[in-house]
Structure formats: structure tokens, C-alpha cells
**Q** 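Pasting in a structure now, in C-alpha cells, and then I'll have a few things to ask.
Computed from heavy atoms alone, side chains included, the values below leave out hydrogens, waters and symmetry copies.
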Amino acid sequence: MDETCVNVKRLEENEEQCTDEDKTDQDKVEEKLISSNERSWKPWQESRSRIRECVLYVKKILVSFASMEWYCYALLGIITALMSFFMDVTVAKVLNAHQWLYGCLKGHHLLQFLCWTLYPACLCALSTSFAHSICPFSAGSGVPEARAILLGMDMPDYLSLSNLFAKLFGLICTLASGSTVFLGKVGPFVHLSIMVGAFMSRLHVSCRGGKQRTAKGEMLVVASAVGVASCFGAPVSGVLFSIEVMGTHYSVRDYCPCFFAAACGAITFRLLSVCSRDQETIQALFKTSFSSDLPYQPFEIFIFALLGLFCSILSCIYLFCHRWALRFVKTNKPISRLLATEKSLYSAIVAFLLACFTFYHSAGHFIAAELTMKQLLTSLLDGTSWYTVSQNASALPEPQKTFWQAWNPPGKSYFQTLGFFITAKVGLLVVACTLPLPAGYFMPVFVYGAAVGRLVGEGSAYLLSDGISSGKSLINPGGYALAGAAAFSGAVTHTLSPALLALEMTGQCSHAVPALVATLVSNAVARAKHRPSFYDGISLIKQLPHLPSLIRACPKLANVQIKQFVIPAGVVLERTETLASLKHILNDSADNEFPVVDSHDSPILLGTINKSQLHECLHRHGNEGLCKQLEEVCSIQPVRLHLTPESTVKQAHCIMSITGEQRLFITESGRLCGVITWKEMKKIIDEMAKEV
């Protein structure tokens with residue numbers, strides 16, 4: 001009787017299970033029907049399918065010539081050049097409108113003062129408010145953050161699409177403020193190019209049919225070179241910039257893509273200038289006309305070396321003042337509170353004060369404040385000596401006459417103007433660097449170095465006004481301005497690429513040796529005693545996880561050993577492990593790779609084996625081969641890279657950055673001691689950044 005009751009209950013349970021399975025099957029069928037109906041209701045289905053077929057056909061044709069990655073490199077250069085060109089056009093039109101309005105108010109000093117001061121104050125406030133309301137990470141140059149990203153640090157907000165638009169619009173407003181604020185576009189534009197490169201990396205992966213959340217490092221390195229090339233039409237110096245500034249551990253495989261993408265960007269940028277009738281043909285951005293017969297005398301090399309020494313001393317003063325100003329703004333309670341709550345108000349106040357100082361009827365006529373950044377650099381690179389011009393200034397054509405009047409105001413000499421420009425601009429530039437808006441700092445430094453070189457060149461031309469030796473060869477102050485610009489900007493950034501950039505920007509190869517000599521001397525002095533560069537200083541103050549900057553600030557960190565950060569290796573397999581035990585290990589472990597040792601008593605590291613390979617072995621041998629050992633059925637891959645406990649954090653970070661390895665095995669006399677992971681490495685660097 002009891003057995004029959006049990007059987008009845010089992011039958012009822014089986015019927016309920018069958019009905020539940022039928023219901024689930026019916027639900028699945030209904031869901032499929034609903035999904036199919038939803039798909040059928042998509043608009044323009046035939047048109048979409050035709051477009052898809054055309055796109056696939058075009059893709060097939062393109063791939064037959066080259067891989068899609070190279071098309072992405074070319075598209076990266078073209079898009080970045082378009083952004084640079086239209087940004088320059090927009091800024092030029094806004095600046096021309098401001099100059100026109102300022103000229104119309106001539107004779108009305110109060111109205112001119114309001115036009116001169118309120119215009120940059122409003123633009124800086126607009127740049128700050130727009131940038132921080134859309135994306136708070138868009139302020140600054142973005143180069144220190146981009147360097148940390150290229151070293152493998154996770155900072156996705158700095159590569160977002162919202163950051164791209166916020167930085168683009170904010171940078172246009174900053175540049176439209178003119179030479180009153182005295183800020184440039186190189187750094188933010190490199191960051192913009194890297195953001196475009198991150199998008200192109202995801203586009204390339206999607207074209208291949210895959211998914212990728214993070215951008216590839218190769219595309220970002222290429223994008224950093226494209227950013228400089230699209231700003232000045234200088235592809236070679238753009239690649240050198242990406243090697244020196246952006247890529248601490250540069251991979252040779254990125255060399256050719258960098259040149260290709262930079263060339264595409266530079267050619268597009270210059271062709272757009274020709275199409276817009278800004279230039280008659282493809283030529284240098286700041287075309288100069290130095291004499292190539294005898295550009296300089298041999299003994300002038302010593303003057304260029306002294307110029308480099310002078311620029312290095314000024315760069316050390318500037319970098320010290322810059323770091324002090326950033327720390328002061330960060331630690332001063334009233335200013336830090338204002339920056340935390342009212343960033344736009346702070347930008348408006350600082351821009352207004354800078355404009356008050358640079359107003360023509362205050363101190364502006366001593367620093368040629370009415371000239372734009374481009375006009376300043378063009379006038380400083382002029383090959384004609386101002387001492388010669390002063391003999392017959394009335395016969396000068398435009399725009400040389402306007403430049404001469406700006407640098408030689410009534411009652412003052414050009415020596416006084418250049419001296420006051422060099423003295424005042426250091427403080428003005430340091431104050432402007434505290435503004436919380438998208439801005440670049442390379443171009444102001446470049447112009448400042450050109451002014452220093454021009455002062456040395458004009459002094460040499462005045463002292464040697466009768467010529468040099470028996471050949472009566474006159475000094476060319478424009479060549480000294482070129483070398484000074486390269487030397488000072490190179491000393492500030494601790495790079496040599498500004499020397500090549502100066503030659504590409506001006507199309508002047510005759511002064512290649514003097515520019516390189518001045519840059520080498522300035523770099524040698526600026527790098528002494530492990531002084532941090534401009535970008536290193538920002539990384540330290542922002543506590544960014546950039547290990548090279550931390551090591552420059554604290555050289556002892558280069559000798560920190562990894563033995564104190566080693567963690568257990570997790571699941572370790574023996575070479576005599578049976579497939580039966582491997583089956584349980586695979587079910588319990590989430591690791592994708594397992595180290596294989598000789599035995600647990602003698603953990604000599606033999607190699608590694610992948611999880612997918614183990615699954616394949618288990619599937620191939622089935623239940624019959626569970627007694628077989630690991631070394632009989634699987635091939636153990638030897639470990640290519642492993643470290644010792646005495647290895648330094650710098651060495652481990654370098655290997656992981658280059659190879660992309662997520663973990664490295666630590667061995668001592670061949671015995672496995674543990675591992676160090678990329679996640680643990682990032683924690684170590686974060687702790688170092690907080691301590692420094």
C-alpha cells in the first residue's frame with residue numbers, strides 16, 4: 001500500500017515536471033516569435049541589407065590591398081588634421097574680430113580697457129564652465145595623464161567621448177583669449193589625438209568582428225605622434241616627441257605606423273592650408289629666409305652653447321616657480337576652496353588680472369602685447385637685425401613695420417622691451433598655468449625661448465655691427481631665436497625633439513647644428529641632479545601613477561626590490577598530476593594559466609599550461625584516460641620571462657609595459673617563489689605616488 005502511494009506521488013511529480021518543461025518550451029517559442037517579430041519590424045530592412053552588402057564589398061576590396069589597421073592609421077591622421085585646421089580657422093576669426101573691435105575703440109581708453117580685459121575673462125570662464133560641466137577631467141594639457149595611460153594604467157574617463165568634445169570646445173575658447181592669457185594648444189591636442197586614437201582602436205576591433213573595452217597601446221602611441229604632426233605639419237618631430245615624452249619604453253614595431261600616420265596628418269594639414277588660400281603652396285608653418293651662403297661663423301657655436309646654458313638656468317627657475325605655484329594653489333585654503341566650488345569665477349578673475357597687466361596703456365606696450373602668439377614668433381624669427389632696421393625703420397613694408405613698432409615703442413628700445421618681456425612673461429605664464437581649463441604650455445615656452453635667443457642675437461649683432469672678421473659677415477638674430485626656442489622648450493620638457501621641431505616649423509636646415517648644440521647643453525644642465533621635467537612635475541603634484549616621474553623625483557625608488565611584493569602563485573600543478581585531479585582543479589579555479597613544477601617538495605619551474613589546453617586534453621582522452629599523467633598528454637610551454645626576488649620594481653614595470661604580461665613568475669635558483677601581477681604593480685605605484 002505504501003509502495004503504491006509512493007509510486008503515485010512520483011507519477012504526479014513527473015507529470016508536474018513535464019508540464020513545467022512544456023511551459024518553459026512554450027515560453028521559449030513565444031520569446032523566439034516575439035524576437036523574430038521585433039526584428040521584422042525594423043525600418044528599411046532591405047535598404048539596410050543593401051548598405052551592409054556594399055560596406056562588406058568595399059571592406060573586401062580594401063583588405064586586399066592592406067590590412068584594416070593601416071586604414072585606421074591613415075584615418076586617424078586625416079581626422080586629427082581636420083580638427084587642428086578648423087580649430088585654427090575658428091580661433092583666427094575670433095581673434096580678428098577682437099582686434100577689429102579694439103581698433104574701432106581707438107581713442108576711448110576706458111572702452112578699450114573693457115574690451116581688452118572682459119573679452120579674455122569671459123572666454124576663460126566659458127572654457128572652464130563648459131569643460132567642467134561636461135567632463136571634469138578635461139582641464140589641463142592631458143599629457144601627464146596620457147603618459148600614465150600608455151604605461152597601462154586604467155583611466156577610462158580621460159579617453160571618453162564627452163571628454164573629447166569638452167576639451168575641443170574649451171581649447172578653442174582658451175586659444176581665442178589670445179596672447180593675454182598666453183597659452184597654447186599642443187598638449188591638449190595630443191590628448192585629443194589620443195582620444196581619437198582610442199576610438200579608432202575600437203573601430204578596428206569591431207571591423208574584425210570582435211569586442212574590446214580598452215584601447216590598444218600601439219594606436220595610442222601612434223596618436224600621440226599624430227597630435228604634434230597635425231599641429232605644425234611636422235611628422236618627424238612628432239614621432240620623436242612620441243618616443244621621448246609619451247613612450248617611456250618604446251616598441252620598435254610602432255615606428256613605421258607612427259611615421260605613416262604622422263605623414264598623413266601633416267600632409268592633410270598643409271593641403272588644407274593651401275585649399276583655404278592661407279598659403280600658395282605646401283611650405284613650412286613659419287617660413288624664414290635665412291642666408292644659406294654663410295649662415296654663421298665657426299666661433300658662433302660657442303655663443304650658441306652659452307645661449308643653451310642661459311636657457312637651462314631660466315628653465316630651472318621657471319620649473320621651480322611652476323611647481324611652487326601649483327602647490328600653493330593646492331594648499332592655500334581660500335584659493336583651493338574657490339577652485340573646488342567656483343572654478344569659472346577663479347578663471348575669470350585670473351584672466352582679468354592678466355589682461356589688466358598686459359593692457360597697452362599699462363605694461364602691455366613693454367611686452368608687445370598687441371601681437372598674437374603667431375605674430376610674436378614670426379617677428380622673433382625674422383632674419384633681419386633690428387639694429388639695421390632702426391637705421392631706416394620708415395621704409396619697412398607691412399607687416400614688418402607693425403612688428404617693429406610693437407617691439408620698439410616710443411621712448412623705449414627693443415633691448416628694454418625684450419628684457420621686460422623675458423622678465424614679466426615668466427610670472428605671467430606661471431600664473432596662467434594655474435587656470436583650470438584645457439590649455440597647452442609648450443608653445444608659450446617655445447615663444448619665450450625665441451625671445452631669449454633674440455635678445456642674445458641682437459646683443460651680439462649690436463656688439464659686432466661692423467661684421468665678423470674680414471668677411472664682414474653680419475650676425476643673424478633670427479638664427480639665435482630659433483636656437484633659443486629649441487633650447488628653452490627642450491630644457492623645460494627634458495627632450496631633444498624641439499630642436500627638430502624648430503627646423504621643421506621654419507624649413508631652416510642651415511641652423512641644425514647650432515640648434516642641436518644649444519638644446520644638448522640646456523638639457524644637460526636641466527637634467528642634472530634628477531630634476532623633474534615640466535610633465536614630471538605635474539604628474540608628481542597630481543599623484544599620477546607614472547613610475548618614471550616618481551623615480552626622477554626620488555631616485556631611491558629605482559632600487560626597490562620586488563621580493564616584498566611577491567604573492568603566492570595560486571594553483572600550482574605537478575608534472576605527474578593525473579587528469580582526474582586536473583578535472584577537479586579546473587572546476588574550482590578561475591585562473592587561465594597554471595605554472596607546472598617538478599614536484600611540490602622541489603618546485604622547480606618547468607613551464608606553464610593554459611586552461612583551454614587542459615580542457616582539450618580532458619575532452620580528447622575522456623573518462624578512460626583519467627589515470628594518465630599531465631606530462632604524458634599535454635605539452636608544457638617554457639616560461640619566457642621570469643624575475644628573481646632581487647629584481648627591481650622598475651625592471652618588472654618595464655617588462656610588463658612592453659610585453660603586456662599580466663603577471664610574472666618569481667624564481668630563485670629555478671624554484672618557484674610566487675608571482676607579481678599587474679594589479680599588484682599598480683597598487684605599488686599608487687603607494688609610491690602618495691609617498692613622493
Side-chain angles (χ1 to χ4, degrees), residues 120-121 123-124 127-128 139-141 143-144 171 174-188 310-330 335 346-347 349-359 362-364 366-377 380 417-455 481 484-494 498 522 526 532-538 541:
L123 282 175
C124 288
S127 174
T128 304
S141 69
V143 172
L171 183 58
T174 303
L175 296 176
S177 302
S179 59
T180 300
V181 183
F182 203 60
L183 294 172
K185 80 167 190 176
V186 178
F310 185 40
C311 288
S312 65
I313 296 172
L314 290 176
S315 70
C316 293
I317 296 172
Y318 166 70
L319 290 176
F320 174 80
C321 295
H322 174 257
R323 289 193 294 271
W324 178 87
L326 292 182
R327 289 195 182 96
F328 177 78
V329 168
K330 192 174 181 179
I335 297 178
Y346 175 82
S347 297
I349 293 173
V350 173
F352 181 80
L353 294 176
L354 291 174
C356 290
F357 184 84
T358 58
F359 183 55
S362 59
F366 295 119
I367 56 174
E370 292 184 337
L371 298 181
T372 63
M373 192 89 71
K374 188 173 182 179
Q375 290 173 340
L376 282 172
L377 190 56
L380 292 171
T417 307
L418 283 171
F420 190 73
F421 180 92
I422 294 170
T423 305
K425 278 297 181 180
V426 171
L428 296 177
L429 185 55
V430 167
V431 173
C433 288
T434 63
L435 290 171
L437 43 75
Y441 312 109
F442 178 82
M443 199 61 187
V445 167
F446 195 83
V447 175
Y448 184 88
V452 175
R454 187 79 193 193
L455 179 63
F488 187 76
S489 55
V492 168
T493 58
H494 290 188
S522 64
S533 68
F534 179 84
Y535 299 121
D536 293 334
I538 296 177
I541 291 172

**Q** Can you confirm whether Ile367 sits close enough to Thr358 that some side-chain heavy atom of one is under 4.5 Å from a side-chain heavy atom of the other?
**A**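 They are in side-chain contact.
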**Q** Measure the spacing between NE2 of His494 and OG of Ser315 and express it to the nearest 0.5 Å.
**A**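 Here the rounded value is 6.5 Å.
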**Q** Rounded to the nearest 0.5 Å, what separation is found between the CD atom of Glu370 and the OG1 atom of Thr180?
**A** 10.0 Å
**Q** For Ala368 and Thr417, work out which heavy atoms get closest and say how close.
**A** N-CG2, 4.5 Å
**Q** How long is the span from the CG atom in Leu354 to the CD1 atom in Ile349, to the nearest 0.5 Å?
**A** 12.0 Å
**Q** How many angstroms lie between CZ in Phe534 and CZ in Phe442, if you round to the nearest 0.5 Å?
**A** 11.5 Å
**Q** If I compare all heavy atoms of Pro436 with all of Ser347, which pair ends up nearest, and what's the gap?
**A** CD-OG, 3.3 Å
**Q** Which heavy atom of Val452 sits nearest to which heavy atom of Ile422, and what is that distance?
**A**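 In terms of heavy atoms, the two residues are closest at CA-CD1, 3.7 Å.
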**Q** With no hydrogens and no angle check, do the side chains of Ser312 and Ser522 hold a donor and an acceptor under 3.5 Å apart?
**A** no
**Q** Verify whether the ring centers belonging to Phe328 and Trp324 lie closer than 6.0 Å.
**A** yes
**Q** I need the minimum non-hydrogen distance between Val181 and Pro120, along with the two atoms involved.
**A** CG2-CB, 4.3 Å
**Q** Quick one, Met373 and Met443 - any side-chain contact, counting heavy atoms below 4.5 Å?
**A**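 They are in contact (side-chain heavy atoms under 4.5 Å apart), so the answer is yes.
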**Q** Any non-hydrogen side-chain atom of Arg323 less than 4.5 Å from a side-chain atom of Pro532?
**A** yes
**Q** Taking the six-membered ring for Trp and the full ring for Phe, Tyr or His, determine whether the centres of Phe421 and Phe366 are under 6.0 Å apart.
**A** no
**Q** Does any non-hydrogen side-chain atom of Leu183 lie less than 4.5 Å from one of Leu437?
**A** yes
**Q** Side-chain contact test, heavy atoms from C-beta onward, threshold under 4.5 Å: evaluate it for Ser179 versus Thr372 and give yes or no.
**A**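 They are not in side-chain contact.
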**Q** For the residue pair Ala485 and Ser489, what are the closest heavy atoms and their distance?
**A**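 Between these two residues, the closest heavy atoms are O-OG, 2.5 Å.
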**Q** To the nearest 0.5 Å, what is the distance between CG on Leu455 and CZ on Phe310?
**A** 7.0 Å
**Q** At what distance, to the nearest 0.5 angstrom, does CG of Leu377 lie from OH of Tyr448?
**A**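 One finds 15.5 Å between CG of Leu377 and OH of Tyr448.
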**Q** Judged by modelled atom types alone, do Thr434 and Tyr346 share a side-chain donor-acceptor pair under 3.5 Å?
**A**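 Side-chain D/A pair, Thr434 to Tyr346: present.
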**Q** Using distance alone, with no hydrogens and no angle criterion, decide if Ser127 and Thr174 have a side-chain donor and acceptor under 3.5 Å apart.
**A**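 Distance-only check passes for Ser127 and Thr174.
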**Q** My understanding is that only one of Leu428, Val431, Leu429 makes a side-chain contact (heavy atoms from CB on, under 4.5 Å) with Phe182; could you say which?
**A** Leu429
**Q** Below 4.5 Å, heavy atoms only, C-beta onward: do Lys330 and Ile335 meet side chain to side chain?
**A**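 Lys330 vs Ile335: side chains apart.
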**Q** Could you report the tightest heavy-atom contact between Tyr441 and Gly140, atom names first, then the distance?
**A** OH-CA, 4.0 Å
**Q** Is there a side chain to side chain contact (heavy atoms under 4.5 Å, CB included) between Thr493 and Ser533? Walk through the geometry before answering.
**A** CA-CA 5 Å; Thr493 58; Ser533 68; 5.6 Å; no
**Q** Taking Ser362 for the side chain and Cys356 for the main chain, is one N or O donor matched with an acceptor at less than 3.5 Å?
**A** yes
**Q** Can you find a heavy atom in the side chain of Tyr318 that is under 4.5 Å from one in the side chain of Cys433?
**A**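 Heavy-atom side-chain distance check passes, below 4.5 Å.
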**Q** Any side-chain heavy atom of Leu418 within less than 4.5 Å of one from Leu380?
**A** yes
